[in-house]
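Just follow the structure's listing: the first ligand is 1, and inside any ligand the first atom is 1. Remember, it's a predicted structure, so these values are computed and weren't measured experimentally. All residue numbers in this chain count up from 1 along the given sequence.
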Amino acid sequence: MTLTPQQPATTASEEGSATALANPNIALVKYWGKRDEALILPWTGSLSLTLDAAPTTTTVRLTDAPDDVVLLGGRPLEGTARSRVTRFIDLVRALAGRDERVTVDSHNEIPTGAGLASSASGFAALALAASTAFGLDLDRRALSRLARRGSGSASRSIFDGIAVWHAGHDDESSFAEAVPAPGLELGMVLTVLDARAKSVSSRDGMRRTVDTSPYYPAWVERTPVELEEMLAAITRADFTAVGTIAERNAMRMHATMLGAEPPVRYWGPASVELLDLVANLRGDGLECYATMDAGPNVKILCRADAVDELATRILEAQPDIGVIPARAGRGARLITSEPGGS
Ligand code: DP6
């Protein structure tokens, strides 16, 4: 497998304020379980598709205020949600050797915390905006490592299209990078069955699975094999193999959770109906594959030129649900950055 050389993540190095945009990514080989909770080092590598829909846009501004202010959708965050962001900003302050407070102003186009990858786009945008505002000029790998400290899956939203996150064994070696996929044009339809925030966060769900599921060791043993199979399928531009491996891997991830005590189950009856629909559509010749994350919303992988037809067929069968059509999208990028005081 050839990997693209690292590109600089930023074109501007002005200090003081920066706005970045990042898209969500959906894993085709899942990340589920940490070997190091503080550094967010995963037990296994994973691979995802960054989408061209539902971005997070985040502005970070240095201020003279006594404390950080964190806004999501214009509203101040409190409690754990706020401290997750301020602890992340502490990391950026330490990297930059600076101590200014900031205002973080973040907007999601998709529901937050409903298993629609808002933490991936959120921490990818925050990593780029915050590091730029503090005058750091991180390359893509360093940015991926930084985003990982906010949310593991965010390490992959730094990159265009398909990205592999190498599990690594320490902070340095655990990063994502782009996987070239010539001839493989992927699309995805996200279904929105339930936009409410989930009751068990992915962080807690994966911890419980690692600590209590007797099936988790099998996941750690099998996932590297599936990741290699997936990379080989991508190199061959073999859509059928990519879809088959992705669907199987998602089911196996949920199987490990069902073995936890108490079981972790993010999917419900509406999700199962969609799994059946995907199988039926595939039987009818519309080649598509299902995947699910830490929420009930099923994401359906297809060829890029089949996205519109797939969205139409889903809505015909399930007129009351929401759908978000998407294709491969760009990694995190700066929208603006302005000079500020240091
Ligand atoms: C099921 O990246 O949200 O979406 O690192 O604890 O923030 P933390 O978890 P997070 O987990 C994502 C889990 C997943 C699978 C995946 O995206 O690979």
Side-chain angles (χ1 to χ4, degrees), residues 22-51 54 56 80-81 83-85 87-88 91 108 110-127 144-159 162-168 171 174-176 188 190 197-198 200-211 216 219-220 223-224 226-227 230 245-247 249-258 260 264-267 271 290-299 301:
N23 288 312
N25 71 75
I26 302 299
L28 304 179
V29 175
K30 305 290 186 190
Y31 147 55
W32 195 251
K34 299 172 184 67
R35 71 163 80 198
D36 184 320
E37 297 238 346
L39 289 173
I40 310 205
L41 302 178
W43 274 108
T44 58
S46 56
L47 179 140
S48 63
L49 179 68
T50 297
L51 305 178
T56 300
T80 327
S83 61
R84 211 171 146 185
V85 173
R87 278 206 309 271
F88 184 80
L91 279 177
N108 276 337
I110 51 174
T112 305
L116 286 167
S118 53
S119 73
S121 54
F123 279 99
L126 184 62
S144 174
R145 286 173 45 216
L146 176 61
R148 188 200 80 225
R149 303 287 298 274
S151 187
S153 54
S155 64
R156 302 181 308 230
S157 270
I158 301 301
F159 300 95
I162 298 177
V164 61
W165 172 16
H166 304 289
D171 179 40
S174 189
F175 56 85
M188 201 173 262
L190 313 186
K198 55 207 171 208
V200 180
S201 68
S202 44
R203 193 150 291 190
D204 292 347
M206 67 176 85
R207 183 183 301 128
R208 195 191 300 171
T209 307
V210 172
D211 289 350
Y216 192 69
W219 171 263
V220 175
T223 302
E226 295 183 15
L227 184 55
M230 178 62 89
I245 296 165
E247 191 172 283
N249 180 264
M251 295 304 131
R252 286 178 176 171
M253 175 182 72
H254 288 279
T256 68
M257 297 183 210
L258 291 180
V264 179
R265 181 173 57 81
Y266 289 110
W267 43 273
S271 322
T291 185
M292 295 189 293
D293 295 292
N297 302 307
V298 178
K299 294 99 179 188
L301 182 71

Sub-3.5 Å N/O-N/O distance, A294 and ligand 1: no
Atom indices of ligand 1, in the order listed, that fall short of 4.0 Å to a heavy atom of R203: 5 (O), 6 (O), 7 (O), 8 (P)
Of the listed options M292, R156, H254, M206, closest to atom 11 (O) of ligand 1 (non-hydrogen atoms): M206
Location of contacts on R148 toward ligand 1, heavy atoms closer than 4.0 Å: neither
Cationic N near anionic O, under 4.0 Å, E37 to R203: no
Approximate separation, where rounding is to 0.5 Å, of F123 CZ and S118 OG: 10.0 Å
Contacting atoms of ligand 1, where contact means under 4.0 angstrom from a heavy atom of A27: 16 (C), 17 (O), 18 (O)
Proximal ligand 1 atoms for R84, defined as those under 4.0 Å from one of its heavy atoms: 7 (O)
Side chain to side chain contact (heavy atoms under 4.5 Å, CB included) between R35 and V210, intermediate numbers included: CA-CA 9 Å; R35 71 163 80 198; V210 172; over 6 Å; no
Minimal non-hydrogen separation, V85 against L126, with atom names: CG1-CD2, 3.9 Å
Subset of ligand 1 atoms that lie under 4.0 Å from at least one heavy atom of K34: 5 (O), 6 (O), 8 (P)
Closest approach of R149 to A38 (non-hydrogen atoms, all atoms of both residues): NE-O, 3.9 Å
Numbered atoms of ligand 1 (with element) below 4.0 Å of S153, judged on heavy atoms: 2 (O), 3 (O), 10 (P), 17 (O)
S46 and ligand 1 - part of the residue with a heavy-atom distance under 4.0 Å: neither
Non-hydrogen atoms of A54 and P24 that approach each other most closely: O-CD, 3.1 Å
With K30, the side-chain hydrogen bond (donor to acceptor under 3.5 Å, both in side chains) member among T291, N249, T44: T291
Backbone or side-chain N or O of N25 under 3.5 Å from ligand 1 N or O: no
Whether T223 side chain and V220 backbone form a donor-acceptor pair below 3.5 Å: no
Ligand 1 contacted by S119 (non-hydrogen, < 4.0 Å): yes
